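The next block holds one structure in the form of C-alpha cells; read it before the comments.
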Amino acid sequence: ATLKLYGFHISPYSNLVEATCKYLGVEYEFVETHPLIDTKKEDYLALNPYGLVPTITHGDFVLYESIAIARYVAKISGDKEFYPHEDFQQAAKVDSLIDYEVGTFRKAGITYNNEAFYAPLFKGVDRPNEERMAELQKDLDDSFGLIAAILKRNGGPYLAGDKLTLVDFTVFFANQHQLQLAGAKYDAHPEFAEWYDRISEIPAVAEVLTNLKTKFAEFTGKK
Ligand SMILES: N[C@@H](CCC(=O)N[C@@H](CS)C(=O)NCC(=O)O)C(=O)O
C-alpha cells in the first residue's frame, strides 16, 4: 500500500516527515490537512485523537507523532544509516540525542515562535518590544550553543558523528519557523550555523523548505 501523509506544508512536524520520505525515497500521497480545521473533524479524529498533523496511514496501519512516523518510514525504506535500527546501540545513541532535543533544546524555539511569530500572525498581538526580542534571541542562541557543544563532542559534521541521521532532521525542523519564516538569527555559534547550512542544502530538505516558503507566502497573502 502507498503511504498516505495527512500533513500541512507549513507545519514543521509535517515537514520532518516529508523530508524523511524524500530523503529515503519512500513514495507517499500527500493529503493536505489544515491543522485548525480538518484535524478537528470526526473522520480525522478517528485516525488521530490528538487532532494534530501529521498522521500517516499505510494500509490499515495508522500512526501519529512526527518522530515516530519518521522512524517507521526509515524502517520500511530499507535504510540502515539514517536511523540505524538494526544496530540497537547505534539507534539508542540517535534516540538519546532525539530525546535531549525534544526535552531540552526545543523549548527556546517554541517560546520564540509563540511570542514573536504566532501571536502577532494569528492573534493580532503586537510583536514583543526590542528588549524582549533580545531575550528571546538570547535564549535561542543558548539553545544553539547546546547543539554546537554536541557537534564538537561527537566530532561532526553531523550530530551523531560522521553520518547524517534522523536527529539532524529533528533538530533542523524544530528550528524551521523561527529561522526560515520569522527572521531569527543563528550566527551566534559558528559550528551550529555551519551545520544548519549543511543540512539545508540536502536536496530533500531544500525541496521541503522551498515548498514551505511558497505556501507561507500564499497563506499570508490570503489573510
Ligand atoms: N508532537 C506532534 C506535534 C504536532 C503538532 O503540533 N502539529 C500542529 C501543526 S504544526 C497542529 O496540528 N496543530 C493543530 C492544533 O494545535 O490544534 C508531532 O511531532 O507530530
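Every number for a ligand or one of its atoms is a count from 1 in the order of the listing. Being a predicted model, the structure only gives us computed values, none of them experimental. The figures that follow rest on heavy atoms only: side chains count, while hydrogens, waters and symmetry mates do not.
- Ring-plane geometry between Phe144 and Phe105 is classed as tilted, the angle between the planes lying from 30 to 60 degrees on a 0 to 90 degree scale.
- For ligand 1, the atoms lying closer than 4.0 Å to a non-hydrogen atom of Pro54 are 20 (O).
- When hydrogens are left out, the protein atom nearest atom 6 (O) of ligand 1 is Tyr13 CE1, 3.5 Å; that is the closest non-hydrogen contact.
- Put simply, the side chain of Lys22 never gets that close to the backbone of Glu27: no donor and acceptor are under 3.5 Å apart.
- Looking only at atom types and distance, the side chain of Asn211 has no donor-acceptor partner in the side chain of Glu207 under 3.5 Å away.
- The protein non-hydrogen atom at the shortest distance from atom 20 (O) of ligand 1 is Ser66 N, 2.9 Å.
- Closest to atom 11 (C) of ligand 1, if we only count protein heavy atoms, is Leu52 CD2, 3.6 Å.
- Between Tyr64 and the options Tyr6, Tyr13, Tyr50, a ring-ring contact (aromatic ring centres under 6.0 Å, His included) holds for only Tyr50.
- Here the protein heavy atom with the shortest distance to atom 14 (C) of ligand 1 is Pro35 O, 3.3 Å.
- Between Lys138 and Asp141 no salt bridge is recorded (no basic side-chain N to carboxylate O distance below 4.0 Å).
- In terms of protein heavy atoms, atom 10 (S) of ligand 1 is closest to Ser11 OG, 3.2 Å.
- At a cut-off of 3.5 Å, with distance as the only test, a side-chain donor of His177 or Tyr118 sits close to an acceptor on the other residue.
- There is a side-chain donor-acceptor pair under 3.5 Å between Thr55 and Tyr44.
- At a 3.5 angstrom cut-off on N or O pairs, Lys40 counts as close to ligand 1.
- The protein heavy atom nearest to atom 1 (N) of ligand 1 is Glu65 OE1, 2.9 Å.
- Inclusion of Val53 in the set of residues having an N or O under 3.5 Å from an N or O of ligand 1 is warranted.
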